[in-house]
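What follows is a short report on a single structure.
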Amino acid sequence: MDRVLVVFKRLLQAMPTVFGIVVITFLLTRALPGDPAVFFAGPAATPESIAEIRTELGLDQPLPVQFGRYLNDLSRGELGASMTTGQPVIQELVTRLPASLELTLVALVLSLCIALPLGVLAATKQDSWIDQLCRFVVTAGVSLPTFFTGLLLVYIFYYLLGWAPPPLGRLDILYLSPPHVTGFYLIDALIDGDLEVFWSSLKQLALPAITLALFTLAPLARMTRAAMLQSLGSDYVRTARACGLTYPKVLRTYALRNAMLPVITTLGMVFSFSLGANVLVEKVFSWPGIGSFAIEALIASDYAAVQGFVLAMALLFVLLNLCVDLIYTLVDPRVKIDG
Amino acid sequence: MKRRDLLKGAGAMTLGAGLLPLLKTNAFAATSDTAVVLIGNTINSLDIHRPGTNRPSYQVAVNCYDRLVSFGLKTLPNGAQVYDYDNVIGEMAESWSFNADRTEITFKLRADATFWDGKPVTAADVKWSFDRALALGGFPKVQMAAGGFKRPEQFVVIDDKTFQIKLDQPSKLSLPNLGVPVAVIINSAVASANATTADPWATEYLHKNPAGSGAFKVSRWQAGQQLVYERNDNWACGPKPALRRVIIREVPSQATRRALIERADAQLSFSIPNKDAKELSANDKVKVVGTPIDNTLHVVCMNQIFEPFTDANVRKAVAYAIPYAQIFEQAAYGMGAKMWGASSAKPTEPVWPQPFPYDTNLDKAREMLAQSGYADGFDVQLAFNLGVADWAEPTALLIQEGLGKIGINVTLNKVPGANWRTIALVEKKLPFLLENFGGWLNTPDYYFYWAYIEGNLFNASNYDKAEMAKLINDTLFMEKSNPQYKPNVLRMIELAFEDLPRIPLYQPTLESAMSPVLGGYTSWYHRQLDVRALKMG
């Protein structure tokens, strides 16, 4: 009950932030150089045809009027239509956000499965070979740009070896997307009971997810190692050991649990930046995600699409921060979040 | 110790599970009546008349709709198949005739032609479609006007199968302009059924649901991902296409497109950079086809309202200082037609594009600069569109280096694609820039109309000369057989040589890479993919 109230209060508190973001993105998109009317008037535009398009887009109105219209549309849940893809922005978000989320989540799970053990081992066996390996992986992960890792993986596993499927987005050409329930193809395919589609989308996911995992691995492993080192050197671990608890018990219950908080914080941060940062991965693997959509929209000064994207991301971050805070309370009962 | 082993094991297992799906994949095998085509851009609408429809979407108009006329095909000496501007053939029109003073064209429509839903194609559909192109404004209206079609009254329905166009004045551009992608014939019954009072031309419906009579229907469209064409077996306006299905996949990364075509997972990669074309032509598992794009030039524009370029000698000095051959090798990778080094400043043939009488000659360049008011050189910014950086960036760097040798200090101004049209073409406020206009209708005067008349969109140089404007306006509609045509065009070209608002570098090519079994690939002036003639094996 208490927690529900807190969640509600937090969401209420987020309202001014979200409104601020709405205002700022509206003004920023208008401040972008480049004129969408010219861009969309086509190859052989004349001043008259540009003026016609401008009226069509409502861009001949003063800014406050445009903003009023935008708010009015927003209140009805309408985000407008994207000029670059010709689809309603809301529909683009509904189909593309799950694509990006699926990729990012799979990559993060993969990355956690490697980063946590690696970080813990590196901390417990300082300066051993595993610590050196951890250092190497971290340095490589941070310093290799994702598009480079992506292209390298495509080159080796698709071009040379032929193990990976063609990097053509979420599904092989032979398959149709499963009926839309969650937008996550892996889940939707299972709901539909179509194992073939599940398998195909898993295969398509593998390379981009590994690429992204290699990139997100670094901060997670680094943070796990640092946090573990700190808690292993702390008084309570020494006390626990002095009490004669077994090493695994000390490691798991006392050291790791206390080290989890900074790792979760990092995880939240990594998740949010990788949603935006995986645009290069999306490009290499023709992934129809939110990042490439936003970039294309930005290039074309596609106001509705940029605004819709920023708004969706803002809402996502509000929710994400809330989740992270809630997880804190589960991990560490001492943490209280204020409503 | 056990706990740690478990953790270790879990990590290794996850990694293993991640790699497992890679082990079992069977390469996508295309059947002989299906082709996969790769493009780099997004198709954002299935309706070419709709405001905001982008260039890559025009291919839907080409493949799903019919026009009254089309162009015949011819084969170039290099074996590539291209359209033939001088051979206008009927598409929906079975035949046509002109009246005595050529101000009326009367078309007879094919008796057996039907739309996809089985409804016969009538003259009323043609009129509705043309009226729509004018009513929706923007680019379709401008393009229709190029043929002299400006008002709905000009389109007349004589009877079900007879359609007439009345012209204000006879024009050689009218007939070819009926073959351009915007002059499509739409099923007006289907469209009207889906129109609303707010949207009388059914832009919302046709945006997602084409209603045509063309050789292919769209069976699936996911913007940003793919478009699937399915053959219309009842197509009446041409030979039945060999392919039953064509899948157009959007693959933004150039490197990925190249890997896919080299691995033969796709049959055609449409419009590839010259660098890839050059490298892939050495690969015998891939066929590269390149053809020069008609009436198109990559040029350097010198804006004549800006200080140093008001001086004719400065413009000539620049023309002599540009390292043409190097640009052709390093920016165009030796593909295209050379546009420099003509022996005479007097053109003899009314053809366009043709080489300009300038070549890289630094002594002459210095001489010209010495005669100008800027003997000590000057500083200038050379702007280019980042959207076409693959050729523009190396070109700009080479020009910077070349002009540096005669004391003109060039800095580069890279303009993002979204801003380019506004700054360069609409406001025309760049002093020195790289530009690449191409005219759909292949006559010299059509190019000159857009690029050499004050105020017209592609005249980024603000070139303003009364004699040139008069020549162009006199010649634009004139038949090529008119005795005045040749002298007029020759004079235009001579003025372009002398006044140099634009210095051509080379005529570009359109390169595509395809599987050796894919045949029937045709290059069109509109630079869109025509899937109707493609065949396998």
Side-chain angles (χ1 to χ4, degrees), chain A residues 33-35 38-47 49-50 52-53 56 83-87 110 113-114 117-118 120-121 124 151 154-155 157-159 162-169 172-174 199 202-203 206-207 209-210 247-248 251-252 283-286 288 292-293 296 299-301, chain B residues 1-4 7-8 10-11 14-15 18-19 21-23 25 27-28 36 42 44-45 50-55 57 137-143 146 207 222-226 247 249-253 255-256 259-260 262-263 265-266 387 416-423 425-426 450 457:
Chain A
D35 183 344
V38 175
F39 194 80
F40 292 114
T46 58
S49 63
I50 292 169
E52 281 165 9
I53 302 279
E56 175 99 9
M83 292 294 262
T84 36
T85 64
Q87 310 297 316
L110 196 62
C113 289
I114 302 168
L118 195 64
V120 170
L121 285 174
T124 49
L151 282 177
V154 167
Y155 182 67
F157 291 102
Y158 167 66
Y159 185 79
W163 292 355
L168 276 173
D172 196 295
I173 289 175
L174 296 175
W199 189 230
L202 192 64
K203 283 193 288 197
L207 281 195
I210 292 172
Y247 189 61
L251 202 63
R252 190 170 56 92
K283 291 259 177 206
V284 169
F285 292 95
S286 324
S292 42
F293 171 68
E296 291 303 320
I299 288 173
S301 302
Chain B
M1 279 314 195
K2 268 181 194 162
R3 180 75 56 191
R4 193 192 303 162
L7 286 173
K8 233 192 227 168
T14 327
L15 185 66
L19 284 168
L22 301 178
L23 297 174
T25 34
F28 170 67
V36 178
T42 295
N44 77 348
S45 177
R50 180 177 172 271
T53 296
N54 62 7
R55 267 191 97 89
S57 311
F139 166 63
K141 189 177 170 185
V142 173
Q143 187 62 46
H207 167 49
Q222 293 165 288
Q225 294 179 60
Q226 66 173 349
I247 303 168
R249 289 295 287 228
E250 293 169 15
V251 179
S253 156
T256 308
L260 286 162
E262 283 196 65
R263 288 277 305 176
D265 278 322
N419 308 356
W420 179 256
R421 294 182 71 85
T422 316
I423 303 176
L425 301 180
V426 177
W450 283 109
L457 189 69

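Hydrogens, waters and symmetry mates are skipped; everything else that's a heavy atom, side chains included, is used. Here is how names work: the chains are called A, B, and so on, in the same order as the sequence lines, proteins then strands, and each is numbered from 1.
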For B/Q226, the side-chain contact (heavy atoms from CB on, under 4.5 Å) test, sequence neighbours excluded, returns B/R220, B/Q222, B/V228, B/I247, B/R249
Residues in side-chain contact (heavy atoms from CB on, under 4.5 Å) with B/E250, at least two apart? B/I39, B/T42, B/I43
Out of B/R50, B/K141, B/E262, which one racks up the most heavy-atom pairs below 4.5 Å with chain A? B/E262
Heavy-atom distances under 4.5 Å only: say whether B/V251 touches chain A with side chain, backbone, both or neither. both
Of all the heavy-atom pairs spanning A/G169 and A/P288, show the shortest one and how long it is. CA-CD, 4.4 Å
Less than 4.5 Å to any heavy atom of chain B: does that hold for the side chain of A/L168, its backbone, both, or neither? both
Quick one: what part of A/F293 sits under 4.5 Å from any heavy atom of chain B, side chain, backbone, both or neither? neither
Checking B/N44 against A/T85 for the side-chain hydrogen bond (donor to acceptor under 3.5 Å, both in side chains) test, could you report, in this order, the C-alpha distance in whole Å, the side-chain angles of both residues, the deciding distance, and whether it holds? CA-CA 4 Å; B/N44 77 348; A/T85 64; over 6 Å; no
